[in-house]
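Presented below is the structure to which this report refers.
First listed ligand is number 1; within each ligand, the first listed atom is number 1.
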Amino acid sequence: MKVDVLTLFPDMFSAVMSESMMWKARDRGLLDFRARDIRDFAQDKHRQVDDSPYGGGGGMILKPDVLVRAIESVKGDADTPVILLSPQGRKLTHAVAAELSRLPRLILVCGRYEGVDERVRDLAISDEISIGDYVLTGGELAAMVLIDAVVRLIPGVLGAEGAQHRDSHADGLLEGPHYTRPPEFRGMGVPDVLTSGHHADVERWRRQGALKRTWQRRPDLLASAELSDEDRAYLAGLEAGKAD
Ligand code: ADE
């Protein structure tokens, strides 16, 4: 996947994109990432990228000529999605990340200040995404969150160590508990089933752990999760106070 980010702060991406899984994805040739400075597309001598809003009200707005020039120059003729990160976008979920992970190329536009001139949306933006109902000082952190959530789903990025199918949200449920060595820590042990060697029992225990955690913390997710008859029976037991 090729990802171009348009930003006024390209250096913000260096650490995140040069460590851990994002670096591995680049190193393995699965991600071609570039952060481009919007200011490089300003043509006046002060390299101005923003201006005050018509109608007053304070704050600054990214100028449409500079931003559209930047988008058109990275996009070429290609039919590539151009995604604006903004609190007004559709919310980033696992389903949205999975949808984007199947695309060969993304262009991400990071807003700053009060936002972008509306004509940029009309002319050059094909999608708008928010990472949550709060306001950041700019789209850069949101773009990094989106890239991380999307790139880890590209086949080969997590390699054999990945267990994305068990991720929270991958099947509409939160992940249940996990344990590793030592077998006893500060007086607390590890559930026997995990060391029993019975694969089917371990899978059932994990499934029930995911169901219970979702039921406790995000019961809203259960309405749209894919549930088997056995799952429903277990949840009914939890509701009745019988299962644990
Ligand atoms: N820019 C500012 N706030 C944002 C948010 N919540 N999501 C995406 N981009 C943003």
For this session: Output yes when a side-chain donor or acceptor of R26 lies under 3.5 Å from a complementary backbone atom of M17, and no otherwise.
Result: yes
Problem set entry | Backbone of V82 reached by a side-chain donor or acceptor of S126 within 3.5 Å | yes
Exercise. Per the side-chain contact (heavy atoms from CB on, under 4.5 Å) rule, which among V68, I71, I83 passes with I125?
Worked result: I71
Exercise. Does S86 use its side chain to pair, donor to acceptor, with the backbone of Q88 at less than 3.5 Å?
Worked result: yes
Quick one: table the atom pairs, ligand 1 N or O against protein N or O, below 3.5 Å, distance rounded to 0.1 Å.
{"unit_1": "ligand 1", "atom_1": "3 (N)", "unit_2": "L136", "atom_2": "N", "d": "3.0"}
{"unit_1": "ligand 1", "atom_1": "6 (N)", "unit_2": "G132", "atom_2": "O", "d": "3.1"}
{"unit_1": "ligand 1", "atom_1": "6 (N)", "unit_2": "Y134", "atom_2": "O", "d": "2.8"}
{"unit_1": "ligand 1", "atom_1": "7 (N)", "unit_2": "I131", "atom_2": "N", "d": "3.0"}
{"unit_1": "ligand 1", "atom_1": "9 (N)", "unit_2": "S86", "atom_2": "N", "d": "3.2"}

Problem set entry | Donor-acceptor under 3.5 Å (R69 side chain, F41 main chain) | yes
Seminar exercise, completed: Taken to the nearest 0.5 Å, the spacing of C110 SG from R36 CZ works out to 13.5 Å
